[in-house]
S.K.: 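Input: one structure, supplied below.
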Amino acid sequence: MSGAGPRASLFGWPDRNLAPTEPGMLCVVGAPTNLGNPIARGAAKGPAAIREASRLLTPPRVPGCDWGDVEGPANLARYLERLAETTKEIVERGLRPLFLGGDHSISYAPVSVLQSAGDLCLVWIDAHTDFSPWQGAAFHDHKQVLRRLSKLHGVRRIVQIGYRGITVGDERSLGDGAVVVTSSRARGLTDVELLALVPEDLPCYVSIDIDAVDPLHAPGTGAPVPDGLHPLHLRRILRALVRSRRLAGLDMVEVNPVLDVQASTSAIAAELIRDAADHWGFQLAS
Amino acid sequence: MRNPDFPVDASVSSAERGDPSALRLVLSDDWILESQDETHVTVANTATAARMKLSTAAYQFLKAFAKPRRLDEVVSPGAMAGARAQVGKLLEKQLLLDADAPRADRALRLRTTVPYRFCNAPAYTAASDFVVLGVPYDLAGTVDCRGAPTAIRQKSLDYLYRMRITDGRPNGWFDANRETWILRGATLADAGDVYVEYGEDQSELFGRISSALEELGEGAVPVVLGGDSSVTYAVAAALRRRGPLTVVQLSAEPVTAPASASEVFGTDEVAARLLQLEGIERFVSLGAPTTSSASLGDRVMLYDVPTLRRAPLDTLACDWGGKAAVHLSIDLGVTKPEYLRTDEHGASAGLSQSELRSIITALGRRHRLVGIDLVGLDTRSGFAHLSAAVACDLALTAMDASRGHDGAKR
């Protein structure tokens, strides 16, 4: 189940087998799938587009390695099993996974693996709560994934950031141990206020759906919601988490190059990752 | 110029014209063969959507009227009684016509069904608080927006219209930006699109828009999905019949050209044309990034972005009088990234999304919104899918604003 070789690695990072590894180092994995998004196709091209965009950026100060893509069967449940196996291999090597989606359903795989090793705080940065019910469906899709994750024993805390727009129901309450910070509130959130929501004693998994960003900046995504966060708001949030909390892993999902305008969305995704990697030294020391 | 409010002639059933055996009969120009098998065919009238299943023998009989003929020229005297009954049905379905009667307007249909309904609301059948009507017409301007009603409706499926289990009333929506419920209990229906026959006179279409709005009744607030901004003219021209009307347009590019003498007018002269109509009190344009020097007289009011940021619309709109009847037109050109995109501090060159929402809400607080339209969505833009999302957001915001600040139905 080794990853297929990418045409271009993220930031030119070496293959996982060639890189000198250091415990806690970031290991990027592509998850090129649309299987969890029954409405919009194109997110499967996200990993390649983000890697391509990263080539135009100065590489981050702290290097990582690139696992390549996890190719898989056309069945979401089985594909997620492969992603879970990859996550285990990465963790066994002492590395931290950074998944490039793909649609948001993929986050289930790494989180389910990581929470089994110890309690987690899930920071879910997204315009949607992804808490739709899934009665009757065989498996979760990208709109239900957080609801499913919330039922995992090791997911002790959920911090949802970016919910906004006009929605069918009031989604601000996601159950015990969860808090929702709407986009309007997130704009004014200080680092201190953010970190107060994220327990210091729990490792974090940070999942970034690019639709948290205002679609006028990042139009290449399947379910854009107007009036989102400026990329700099998101960068500030991410930087605070990287510098002040232990991150067990992270992902960047729902970048859809088919819907993008002048590759601006994949560029923003690459810049956010670069900024996180720039400060990854705090993680290596933790 | 033909009166744009001219209603489409009601079609007269040919069956009402007496004994069919006395008529010269002819096949409708609008008939088509829809399907066939070994024993039957289905024929349809594309103008009325009427269908009829016929035996192959009856179909051969129908084809005999490709040229105008009397019934006795086609059937023998012994078969006349049966043929007369068959002809009666074909006349009722308007598959056969009286060849010597004046033709009704070709476009008999006012409205057509659509593949997606706005927010998946029910199809219009009876009175509701809001009725959505699409007008896929864009020949008055240069922007490709005839596909906009479909694009907006398709995106609106993210904003489903739901009923409460407890009382069967509409649930409304939750506005996460303002952290409040909107439109609770408000009923919504979708009446489909106004039928557009590309190539027809503009005035024919405008007449059909007027007739469609008349058919939908005065109780509902129409939410019209254009089309280009000439649709605003047709809608406001119809709504002014219900009483004096102020037209407010949210637009980054005010339409201030003088009225031309042409029968077909362009989108840039909507304001001037509207002010020629009795009952249109004023035209207000909100949202140009910079002050325009254009002037169409004291009944045109332009509030640019700096002005709107200096003083709230509540204050600016005082001189329109209290509780003016307002038709709100939202030119979706305001959603272009160069106007709408904000920096990290929330500043934008045009009105931002939150400013647009605030202005719409303020309008609803001070005045009565009696009609809403959304026009000018450029479906060829790379940002079209985003503009459609903004359109849905603003449409629901405007609908909520029309119910006043306390959410009460007007």
Side-chain angles (χ1 to χ4, degrees), chain A residues 38-40 42 126-129 131-132 143 160-173 180-188 211 213-237 256-265, chain B residues 119-120 154-164 170-184 334-350 352-357 381-397 399-400:
Chain A
I39 295 175
D126 195 321
H128 311 86
T129 61
F131 232 73
S132 296
K143 292 194 294 187
Q160 201 286 349
I161 300 173
Y163 168 50
R164 65 177 183 270
I166 293 175
T167 53
V168 171
D170 178 357
E171 301 172 24
R172 291 173 299 169
S173 178
V180 174
V181 183
T182 63
S183 265
S184 322
R185 292 177 187 271
R187 285 192 190 97
D211 69 20
V213 177
D214 191 305
L216 287 161
H217 292 278
T221 191
V225 182
D227 209 11
L229 295 172
H230 191 277
L232 292 178
H233 290 137
L234 200 48
R235 179 183 294 190
R236 203 189 63 228
I237 289 169
N256 187 329
V258 174
L259 299 172
D260 208 357
V261 178
Q262 295 172 338
S264 55
T265 308
Chain B
C119 299
N120 204 31
Q154 197 164 6
K155 186 62 194 171
S156 78
L157 299 182
D158 288 351
Y159 305 76
L160 290 178
Y161 177 74
R162 292 256 174 90
M163 298 292 168
R164 283 195 294 265
N171 193 45
W173 289 266
F174 185 72
D175 183 342
N177 303 303
R178 289 188 288 165
E179 301 192 43
T180 184
W181 282 92
I182 62 171
L183 291 164
R184 299 212 96 169
V334 295
T335 66
K336 287 181 186 171
E338 58 262 40
Y339 299 130
L340 199 62
R341 185 184 283 139
T342 54
D343 65 18
E344 61 182 301
H345 307 295
S348 53
S352 69
Q353 174 98 5
S354 62
E355 287 173 325
L356 288 166
R357 276 199 294 253
S381 156
F383 286 85
H385 67 303
L386 172 58
S387 293
V390 176
C392 294
D393 187 288
L394 296 182
L396 292 171
T397 301
M399 288 159 60
D400 186 57

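Letters go in sequence order (proteins before strands), and every chain restarts at 1.
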S.K.: Under 4.5 Å, counting heavy-atom pairs only, tell me which of Thr182(A), Val180(A), Asp260(A) racks up the most with chain B.
M.R.: Thr182(A)

S.K.: Which atom names give the shortest non-hydrogen contact between Gly169(A) and Phe174(B), and what distance separates them?
M.R.: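 Smallest interatomic distance, heavy atoms only, reads O-CB, 3.4 Å.
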
S.K.: Where do Leu232(A) and Glu344(B) come nearest, in terms of heavy atoms and distance?
M.R.: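 Shortest heavy-atom contact: CD1-OE2, 3.1 Å.
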
S.K.: Against chain A, work out which of Asp175(B), Thr397(B), Leu386(B), Val390(B) has the most heavy-atom pairs shorter than 4.5 Å and name it.
M.R.: Leu386(B)

S.K.: Picking from Ser184(A), Pro231(A), Pro219(A), Ser183(A), which has the most non-hydrogen pairs under 4.5 angstrom with chain B?
M.R.: Pro219(A)

S.K.: Between His385(B) and Gly220(A) (side chain of the first, backbone of the second, donor and acceptor by atom type, cut-off under 3.5 Å), is there such a pair?
M.R.: no

S.K.: Out of curiosity, Asp227(A) CG to Glu355(B) CD, how far, rounded to the nearest 0.5 Å?
M.R.: 10.0 Å

S.K.: So which part of Val168(A) gets closer than 4.5 Å to some heavy atom of chain B, the side chain, the backbone, both or neither?
M.R.: both

S.K.: In terms of heavy-atom proximity below 4.5 Å to chain A, should Arg162(B) be classed as side chain, backbone, both, or neither?
M.R.: side chain

S.K.: With a 4.5 angstrom heavy-atom cut-off, is it the side chain or the backbone of Thr180(B) that approaches chain A, or both, or neither?
M.R.: neither

S.K.: Applying the side chain to side chain contact (heavy atoms under 4.5 Å, CB included) criterion to Trp173(B), which one of Asp170(A), Thr167(A), Ile166(A) satisfies it?
M.R.: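 Testing Trp173(B) for a side chain to side chain contact (heavy atoms under 4.5 Å, CB included) against Asp170(A), Thr167(A), Ile166(A) leaves exactly one candidate, Ile166(A).
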
S.K.: Between Leu259(A) and chain B, with a heavy-atom cut-off of 4.5 Å, which part of the residue counts as in contact: side chain, backbone, both or neither?
M.R.: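 Both parts, heavy atoms under 4.5 Å.
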
S.K.: What's the shortest heavy-atom distance between Phe383(B) and Pro215(A), and which atoms?
M.R.: CE2-O, 4.0 Å

S.K.: For the CZ atom on Arg185(A), are there more than 12 heavy atoms of other groups (residues, nucleotides or ligands in this structure) within a distance under 6.0 Å?
M.R.: no

S.K.: Could you tell me which non-hydrogen atom of Pro224(A) sits nearest to which non-hydrogen atom of Ala389(B), and how far apart they are?
M.R.: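 Shortest heavy-atom contact: O-CB, 4.0 Å.
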
S.K.: Side chain from CB out, backbone as N, CA, C, O: work out which of these in Arg357(B) comes under 4.5 Å of a heavy atom of chain A, or both, or neither.
M.R.: side chain

S.K.: Check His217(A) against Thr342(B) and note the closest heavy-atom contact, atom names and distance.
M.R.: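 Closest pair (atom of His217(A), atom of Thr342(B), distance): NE2-O, 2.9 Å.
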
S.K.: What part of Asn177(B) lies closer than 4.5 angstrom to a heavy atom of chain A: side chain, backbone, both or neither?
M.R.: both

S.K.: Which one wins on heavy-atom pair count under 4.5 Å against chain B: Gln262(A), His233(A), Arg172(A)?
M.R.: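 When all of Gln262(A), His233(A), Arg172(A) are compared, Arg172(A) has the most.
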
S.K.: Below 4.5 Å from any heavy atom of chain B, which atoms of Arg187(A) appear? Answer side chain, backbone, both or neither.
M.R.: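 For Arg187(A), no heavy atom lies under 4.5 Å from chain B.
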
S.K.: I need the residue from Ile182(B), Asp158(B), Leu160(B) with the largest number of non-hydrogen atom pairs under 4.5 Å to chain A.
M.R.: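 Heavy-atom pair counts peak at Leu160(B).
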
